[in-house]
J.: 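Before I ask anything, let me first share the structure, which is written out below as C-alpha cells.
Remember, it's 1-based here, ligands and their atoms both numbered in the order they're listed. All values derive from a computational prediction rather than experimental measurement. Numbering starts at 1 and runs along the sequence shown.
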Amino acid sequence: MVELLKMTTPAQRKKAIKDAGYNTFLLRSEDVYIDLLTDSGTSAMSDAQWSGLMLGDEAYAGSKNFYHLEAVVRKYYGYKYIIPTHQGRGAENLLSQVMIRKGDVIPGNMYFTTTRLHQELAGGRFVDVIIDEAHDPESLHPFKGDIDLNKLEVLIKKHGAERIPYICVATTVNMAGGQPVSMANLKALRALTAKHEIKIMLDMTRIAENAWFIQQREKGYARRSVASLVREICSYTDGATFSGKKDALVNIGGFLALNDKDKFEEASNLVVVYEGLHTYGGLAGRDMEAMAIGIIESVRDDHMDARIGQVLYLGDELSERGIPIVKPIGGHGIFVDAKKFLPHLKQTDFPAQALAAELYEDAGIRAMERGIVSAGRNSKTGDHYFPKLELVRLTIPRRVYTQAHMDVTAEAVKAVYDAREQTQGLQMVYEPAYLRFFQARFEPL
Ligand code: P71
C-alpha cells in the first residue's frame, strides 16, 4: 500500500501546532509530513498479512483464527494459554487484576506509562529496579535494560516476597530508549526469583528486537537465530503481555499469555467484562489472523536486520551532525536528549515537549515527548515525577519509510539544533487526570 505524503507550509504548521495545544498527539495526521510519533500500529502489513485478512472467521465463538494465533504463540513463544485483547493495555489490565492485591509492590525495569497505571489501578505500586546506567543517556552499557539484582534483593528484604506477586520485565525497555535486556541477566533473574517464588511476567512488546540485540552483542549468541532467542527469553518467564502493534506488524491487537491454568481461567473470566469473549478479546477474526502471520514474520533475521538497520542509520546520521542522542542506539527509534539540546530550559519548562512541537513547526515531522510530561505525577503526593531522561523520540514505523525520509529527518533536526536558542519553553494549561501526555495542552511561556 502506498500512502501519499502531504507537504504543508510554515504558516499552516504554525497554526496546526497552536491549535493542537503544542501537543503532537493532538495534531491531525493529515497535517504531518513524516510521522515518527510511534511504531505502534503504524507499520505496513505484508502481502501475506493482507491475504490473511480475507480469511477472517468472524464467528462470535471459537473462530479458527483464534486457534491459529494460539498455535503460533505456543510455537514461537512457548506459552501454554493465551487470551487475545484489543491491544497491549487490555492485557495489562487483566494481568494486573488477577495478580495484584492492594498494597503489593511490582518491580520492573523502568516504568512504562500504561503498565504502571494498570498496576496502580489494581492497588499496587511500581518500583524501578533497572540498572543505573539506563538513566544515563551517555552510558554505553550494551544492555541498559538489565535488572539490578541487588536493587531487587533489597526490595524483597524490605517488603517480603509475599508482597511481590511478580516482576515485570520489558523487552526492550521503551522509556530507556529501546534498550535490550541480556540473556545472562534474565537467567540470573530466574534463579533469584525462583528462590523466592516470585513470578516473572514479560512485557514482550518488542521481544524480537531485544533478541536481535542479544544476537549482535552478547557473547555466545552470534550464531543463534532471532526466533530461537525469542523462544529462549520466554522460557525464563511465567507469562507475558503483548502489544501486537509493534513487533507483530499489525494495526491493532494484543494478548495475555500465561502458563498457570488457574490464573488463566481467572483472566478468561475477566476478559468478557472488558474486551469480549476469550476467543476474540475485542479483535475481529481477521485481526487475529494478521497478528498470527505478523508474529512469524517478526522473528525472521533478515527482517530484523533491515528494521533495526534503518534505526541505526538515522542514529548515525544524527550523531554525525552533533545531535545529542541516547546511546547505544535502541531498537525502535532515536531518542534525542532534550536536556542537552535545550540547556537554557528548566525541566518544568517541558523541554522535550517544546522540542517536539518545534520540530513539527519547522519541518512537519512528528515526534513524541518522553520526559516529564509522560512521567506524570506521583499518585500519592501529587508532585510531578522528575525523570532523569528528558527525551524526544523519533520512532520508526516498520517497513514504511525509505532512507531518503531518514535523511530529511536528520537534516530537519539539525536545522532546529542550529537555531536551538530560539526554542522557548512551554506551560501546561490543561492537564488530564490519567496518562496526561496524550491530551495535555500547552502554551508558549
Ligand atoms: C508507543 C506505545 C503506544 C503508546 C502507549 C502509551 C503512550 C504513548 C504511546 C505501547 C506499549 C509499550 C510497551 C513497552 C505496553 C504498551 C501498551 N507503546 N508496553 O511506544 O511500548 O500497548 O499501546 O497496545 O496498549 O508508542 P498498547
Side-chain angles (χ1 to χ4, degrees), residues 23-27 29 35-43 83-96 106 108-119 121 126 128 130 134 145 168-181 201-210 233 239-257 274-275 281-283 287 291 294 311 330-335 352-353 356 366-376 387 389 391-398 400 432 434-440:
N23 184 347
T24 54
F25 279 107
L26 301 179
L27 286 167
S29 143
D35 201 346
L36 306 182
L37 182 71
T38 178
D39 64 329
S40 180
T42 56
S43 298
I83 302 172
T85 56
H86 76 285
Q87 58 183 78
R89 68 198 73 177
E92 292 171 347
N93 175 33
L94 299 178
L95 179 73
S96 301
I106 304 94
N109 51 349
M110 201 173 270
Y111 85 101
F112 186 73
T113 52
T114 56
T115 318
R116 185 180 65 193
L117 178 61
H118 281 296
Q119 292 166 354
L121 290 173
F126 163 82
D128 189 8
I130 203 167
C168 175
V169 178
T171 49
T172 55
V173 181
N174 192 348
M175 303 302 278
Q179 304 293 331
V181 186
M201 293 297 171
L202 204 58
D203 177 342
M204 62 185 297
T205 290
R206 296 182 183 85
I207 190 172
E209 294 177 5
N210 198 115
I233 292 170
T241 55
F242 185 66
S243 168
K245 301 171 72 172
K246 287 78 167 173
D247 260 10
L249 300 153
V250 285
N251 307 121
I252 197 72
F255 61 72
L256 170 64
Y274 293 101
E275 309 271 328
L283 296 174
D287 296 328
M291 184 156 64
V311 177
H332 62 306
I334 302 302
F335 291 67
Q353 188 78 30
R366 170 153 72 170
M368 188 190 289
E369 193 265 7
R370 298 276 73 172
I372 185 169
V373 183
S374 294
L389 299 175
L391 309 173
V392 171
R393 187 181 73 177
L394 301 162
T395 340
I396 317 298
R398 297 160 190 78
V400 171
Y434 301 111
L435 303 173
R436 63 181 183 181
F437 52 90
F438 283 129
Q439 292 143 346

J.: For atom OH of Tyr434, is the number of surrounding heavy atoms from other residues, nucleotides or ligands below 6.0 Å larger than 12?
T.: no

J.: Could you check atom 16 (C) of ligand 1 against the protein and tell me its nearest heavy-atom contact, residue, atom and distance included?
T.: Phe112 CE2, 3.5 Å

J.: I need the Asn174 CG to Asn109 CG distance, nearest 0.5 Å.
T.: 11.0 Å

J.: So, taking the atom named CD in Glu209 and the one named NE2 in His332, what distance separates them when rounded to the nearest 0.5 Å?
T.: 7.5 Å

J.: Report the nearest protein non-hydrogen atom to atom 17 (C) of ligand 1: residue, atom name, distance rounded to 0.1 Å.
T.: Thr114 OG1, 3.6 Å

J.: How close does the nearest protein non-hydrogen atom get to atom 23 (O) of ligand 1, and which residue and atom is it?
T.: Arg89 NH2, 3.0 Å

J.: Could you find the nearest protein heavy atom to atom 13 (C) of ligand 1 and give me its residue, atom name and distance?
T.: Asp203 OD2, 3.4 Å

J.: First locate atom OG1 of Thr113, then atom CZ of Arg89, and finally report the distance between them rounded to the nearest 0.5 Å.
T.: 7.0 Å

J.: Mind checking whether Thr172 has an N or O less than 3.5 Å away from an N or O of ligand 1?
T.: no

J.: Just heavy atoms, cut-off under 4.0 Å: does Met110 contact ligand 1 by side chain, backbone, both, or neither?
T.: neither

J.: Take every heavy atom of Glu369, measure it against each atom of ligand 1, and state whether any distance is under 4.0 Å.
T.: no

J.: So which bit of Met204 gets within less than 4.0 Å of ligand 1, heavy atoms only: side chain, backbone, both or neither?
T.: neither

J.: Can you check whether Arg393 has an N/O within less than 3.5 Å of an N/O in ligand 1?
T.: yes

J.: Assess Arg370 against Phe437: is NZ or CZ under 6.0 Å from the centre of the six-membered ring, and within 45 degrees of the ring's axis?
T.: yes

J.: Check ligand 1 against Lys245 and write out every atom of the ligand that is under 4.0 Å from a heavy-atom position of the residue.
T.: 24 (O)

J.: Would you check whether Gln87 has a nitrogen or oxygen atom less than 3.5 angstrom from a nitrogen or oxygen atom of ligand 1?
T.: yes

J.: Please say whether Thr38 places an N or O atom under 3.5 Å from an N or O atom belonging to ligand 1.
T.: yes

J.: Working to the nearest 0.5 Å, report the span between OG1 of Thr38 and NZ of Lys245.
T.: 7.5 Å

J.: Using a 4.0 Å cut-off to any heavy atom of Phe438, which atoms of ligand 1 qualify?
T.: 6 (C), 7 (C), 8 (C)

J.: Is the contact between Met368 and ligand 1 made by the side chain, the backbone, both, or neither, using heavy atoms and a 4.0 Å cut-off?
T.: side chain

J.: Within the 4.0 Å heavy-atom shell around Lys246, which atoms of ligand 1 are there?
T.: 2 (C), 3 (C), 10 (C), 11 (C), 18 (N), 21 (O), 22 (O), 23 (O), 24 (O), 27 (P)

J.: Can you tell which of Ile207, Thr395, Thr205 makes a side-chain contact (heavy atoms from CB on, under 4.5 Å) with Lys246?
T.: Thr205

J.: What is the nearest protein non-hydrogen atom to atom 24 (O) of ligand 1, stated with its residue, atom name and distance?
T.: Ser243 OG, 2.7 Å

J.: Does the N or O separation between Thr115 and ligand 1 drop below 3.5 Å for any pair?
T.: no

J.: Looking only at protein heavy atoms, which one is nearest to atom 7 (C) of ligand 1, and what is the separation?
T.: Phe437 CE1, 3.1 Å

J.: Which of the atoms in ligand 1, numbered in the order shown and given with their element, are less than 4.0 Å from a heavy-atom of Thr113?
T.: 6 (C), 7 (C)

J.: Backbone N or O of Gly41 within a donor-acceptor pair of the Asn251 side chain at under 3.5 Å?
T.: yes

J.: At less than 4.0 angstrom from any non-hydrogen atom of Glu92, what atoms of ligand 1 do you find?
T.: 15 (C), 19 (N)

J.: Side chain of Ser243, backbone of Gly254: donor and acceptor closer than 3.5 Å?
T.: no

J.: Is Asp35 salt-bridged to Arg366, cutoff N-O under 4.0 Å?
T.: yes

J.: Can you find a heavy atom in the side chain of Met175 that is under 4.5 Å from one in the side chain of Ser374?
T.: yes

J.: Should you measure from each heavy atom of Gly88, which atoms of ligand 1 turn up under 4.0 Å away?
T.: 22 (O), 24 (O), 25 (O), 27 (P)

J.: Report yes or no: does Gln353 contribute a side-chain atom to a donor-acceptor pair with the main-chain N or O of Glu369 at less than 3.5 Å?
T.: no

J.: Mark yes or no for whether Glu275, through its side chain, and His86, through its backbone, hold a donor-acceptor pair below 3.5 Å.
T.: yes

